[in-house]
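Report on one structure; see the data block that follows.
First the proteins, then the strands, lettered A, B, ... as listed; each starts at 1.
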4 protein chains.
Amino acid sequence: MTTTKKNRKQEILDAALACFTEHGVEATTIEMIRERSQASVGSMYHHFGNKESIAATLYVEALVEHHAWQQSLLEKARTAEDGVKAIAFAYIDWVSANPDKARFVLYNRSVLAKTPQADELKERTRKQYTEILAWFQPYVARGELKKVPQELYASLITGAAHDYARMWLSGRARTDIKAYREVLAEAAWSTVKP
Amino acid sequence: MTTTKKNRKQEILDAALACFTEHGVEATTIEMIRERSQASVGSMYHHFGNKESIAATLYVEALVEHHAWQQSLLEKARTAEDGVKAIAFAYIDWVSANPDKARFVLYNRSVLAKTPQADELKERTRKQYTEILAWFQPYVARGELKKVPQELYASLITGAAHDYARMWLSGRARTDIKAYREVLAEAAWSTVKP
Amino acid sequence: MTTTKKNRKQEILDAALACFTEHGVEATTIEMIRERSQASVGSMYHHFGNKESIAATLYVEALVEHHAWQQSLLEKARTAEDGVKAIAFAYIDWVSANPDKARFVLYNRSVLAKTPQADELKERTRKQYTEILAWFQPYVARGELKKVPQELYASLITGAAHDYARMWLSGRARTDIKAYREVLAEAAWSTVKP
Amino acid sequence: MTTTKKNRKQEILDAALACFTEHGVEATTIEMIRERSQASVGSMYHHFGNKESIAATLYVEALVEHHAWQQSLLEKARTAEDGVKAIAFAYIDWVSANPDKARFVLYNRSVLAKTPQADELKERTRKQYTEILAWFQPYVARGELKKVPQELYASLITGAAHDYARMWLSGRARTDIKAYREVLAEAAWSTVKP
DNA sequence: GATGAATGAGCATTCATTCAT
DNA sequence: CATGAATGAATGCTCATTCAT
């Protein structure tokens, strides 16, 4: 019984992600999540308050996981090239390991908008981005990284990986993104190499 | 009267795009489009048959415009570098000139899926992509363009621009993508430069 | 067909009043009204927008009817006593002739509160009351009617009738209020007789 | 501990009355009462069994208080006029001293209907009314009080006060009913004065 | 081609109540 | 006596779509 208690919330989240993957967020009904999670409607509302909040929780959870993994790879990097590739690797690894969560995040940023978590997450993301820029700053200063407008670094470094991830996760491309780990990281580096 | 006829359909499309931009596709109701277009519900169904069809028409229309522009730029290119940059420029120009359409296309690929137009568009897109690959083929053969798996070219060349376009169109970045026309084209080229 | 069109709205109102009488406003569900009126849910919402609005429409309609009748009786009165009794008679006649509407109005003033019609009705009622006070004014000035604080006249004149109407309409008293027409009018007059 | 016990139940009743006053009985949820009373849901159900029972308890409590006060005033009366005015005074005093309870009782008679306490209370009220009629009986017999149908006495004597109390308690009249103690008592007497 | 009243399946959400701890 | 997570029936309302005029 003690174990079931703690899992109930997670069971709902798991069921929700599966439904979102299968039918899309908008097309997923509370009833679908209920059936899949074996929780009662009341229980779902007891834990999350409303449908959007389930999606928002999932969204934040996913980003936090990715951020953590990104951080751990970036810490080990000692050169500009290693840093840039760490960003690319972290993204590719995470997408390949968590395709459902990645697909959910990539295709449902809008679910966050209407949500109370939105601002909190926005702030967290901003801070995260600032930290990464700070990490690269010395290299830019030393000319070991190309100097471009700050708001462009993310798109240059992760653009190709984001794009291919979308292709793969939506079924328009067949090959697991992991197979292109090196090519994509190399491309990332080439865009900001001095 | 002949003019009114043609306009009525376009008025509906314009109103629909405005609604989609403002509220998102799923949240837009037939009633909203009706109010904005000053058409009657019956008229909308006469012209389009159902709601999805309006979105699909808009979607195809937008892609066709972009494709046409892309084609016209690519025709003039005489080197691999010019070709790659033509792809980037075409995308950036189109996004900057048609932000609403671009936003609609970027954020609503899924609306197409359920639609009859889906297969036709898929085929058109595939053919378009094949043509572009064919254009690049000689350069790859001559070693004037890096050889990578075919399904990667698109992501490498347009990934960064796609990514920044999303940032800008969703309000997460402030600067008009047009300002980064050169940087993004340069980045595109760097990813496939031999 | 032309006849059905106009009646649909009234059919819904009639069904609603019957349901409200039978189960009370809060306990009446949209489904009950739908079943009784043979209209579709959509039709009900097309005409009224929401459940409260049905009740509010009924409420205003009832008051307007009573006001009209009151006015017509008051017009004929030529003495203070006749005027006072006209008010009492108008109320008693209307309650006896429209017990369901009267019950609905007496027991559901609160449904108005949350409604857009509230302010409009409030204003209308205020104006109505002002007119009646104006009618009595000369008699008060001439000492043919007792002078009491303005906000008390209504309670003095109609209090007893209101009270008995509640008793009768809720089943706590058996005798039709019409039977006490004269006694109640006499009582009304006695409270303000100089 | 004995004190806490008794208080807990009263705390719930107090919180409930406050909620009923603020939102109305139907709109008040168990959750609202729980939050305001700082009791747990389980505790509320332990003490009262269900939501209606809370309202019913409050209702009976209020009537008992009023009855007691009425009795104490009526005991001292020695003439018909004093008796009639005692009824009026008792009501006015109680309303002015307990506006929330009075409002609750005036506007929620229907909550009692569905309740087990209903019959008991009905009987108690009937007995109370019978006693009062008995008190007046000798005066009627002696012609010191007007003879009217029995079921009318209550409305004649308290109608005006009831009516004004409703006006005041619902915010439609500004002046504390206490200010009209004498006028209303005088009016009550005038309706049954021989 | 145009109109808009009518339709009704489908959905998110609420809330009184239960009961294991 | 107290607690609060869990339950699920019930409800108001939305909205794409139809069709008679």
Side-chain angles (χ1 to χ4, degrees), chain A residues 1-2 4-6 8-9 12 26-34 37-54, chain B residues 1-2 4-6 8-9 12 26-35 38-54, chain C residues 1-2 4-6 8-9 12 26-34 37-54, chain D residues 1-2 4-5 8-9 12 26-35 37-54:
Chain A
M1 288 302 118
T2 349
T4 335
K5 239 183 196 168
K6 186 146 202 180
R8 180 50 60 97
K9 205 170 171 177
I12 295 170
E26 311 268 1
T28 294
T29 68
I30 288 291
E31 170 60 18
M32 290 173 188
I33 304 178
R34 189 204 57 73
S37 68
Q38 299 290 3
S40 66
V41 183
S43 192
M44 301 178 54
Y45 278 87
H46 179 73
H47 286 300
F48 295 98
N50 58 31
K51 188 183 153 186
E52 272 171 5
S53 185
I54 302 179
Chain B
M1 284 306 116
T2 348
T4 335
K5 244 182 199 169
K6 187 151 202 178
R8 177 50 58 99
K9 207 170 169 179
I12 295 170
E26 311 267 4
T28 294
T29 68
I30 288 289
E31 169 61 18
M32 289 174 188
I33 304 178
R34 188 202 58 70
E35 193 180 339
Q38 299 290 2
S40 67
V41 182
S43 189
M44 302 179 53
Y45 276 86
H46 175 75
H47 286 301
F48 294 97
N50 59 31
K51 185 185 158 187
E52 273 168 5
S53 185
I54 301 178
Chain C
M1 286 304 118
T2 350
T4 335
K5 239 182 194 170
K6 187 145 202 180
R8 181 49 61 97
K9 204 170 171 178
I12 295 170
E26 311 268 2
T28 294
T29 69
I30 288 290
E31 169 60 16
M32 289 174 189
I33 304 178
R34 189 203 57 71
S37 68
Q38 299 289 4
S40 67
V41 182
S43 192
M44 301 178 53
Y45 279 88
H46 179 73
H47 286 300
F48 296 97
N50 58 32
K51 187 183 153 187
E52 271 172 4
S53 184
I54 301 179
Chain D
M1 284 306 116
T2 347
T4 335
K5 245 182 198 169
R8 177 49 59 98
K9 206 171 171 179
I12 295 170
E26 311 269 1
T28 294
T29 68
I30 289 289
E31 168 62 18
M32 289 174 189
I33 305 178
R34 188 203 57 72
E35 194 180 339
S37 68
Q38 301 289 5
S40 67
V41 181
S43 189
M44 300 178 54
Y45 277 86
H46 174 76
H47 285 301
F48 294 97
N50 59 32
K51 186 185 158 189
E52 273 166 5
S53 184
I54 301 179

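For the pair D:N50 CG and E:dA16 C1', the interatomic distance rounds to 9 Å; values are reported in whole Å. As a whole-Å value, the separation of B:E31 CD from E:dA6 C1' is 15 Å. Between C:I54 atom CD1 and F:dC13 atom C1' the separation is 12 Å, expressed in whole Å. Between C:Q38 atom CD and E:dA6 atom P the separation is 14 Å, expressed in whole Å. When rounded to the nearest whole Å, the span between CD of C:E26 and C1' of E:dC15 equals 14 Å. In this structure, the CE atom of C:M44 is 12 Å from the P atom of E:dA6, given to the nearest Å.
With both ends at atom P, the span from F:dT21 to E:dG1 equals 23 Å, rounded to whole Å.
In this structure, A:A27 and C:V41 both approach DNA chain E, and ranking their closest nucleotides by distance from the 5' end singles out C:V41.
Here the side chain of D:H46 is nearest to one of F:dA5, F:dA2, F:dG12, namely F:dA2. Distances from the side chain of B:S40 to the nucleotides E:dT3, E:dG8, F:dT7 place E:dT3 closest. With distances taken from any side-chain atom of B:I30 to the nucleotides F:dT17, E:dT14, F:dT11, the minimum falls on F:dT17. Among E:dT7, E:dA12, F:dT17, the nucleotide with an atom closest to any side-chain atom of C:R8 is E:dT7.
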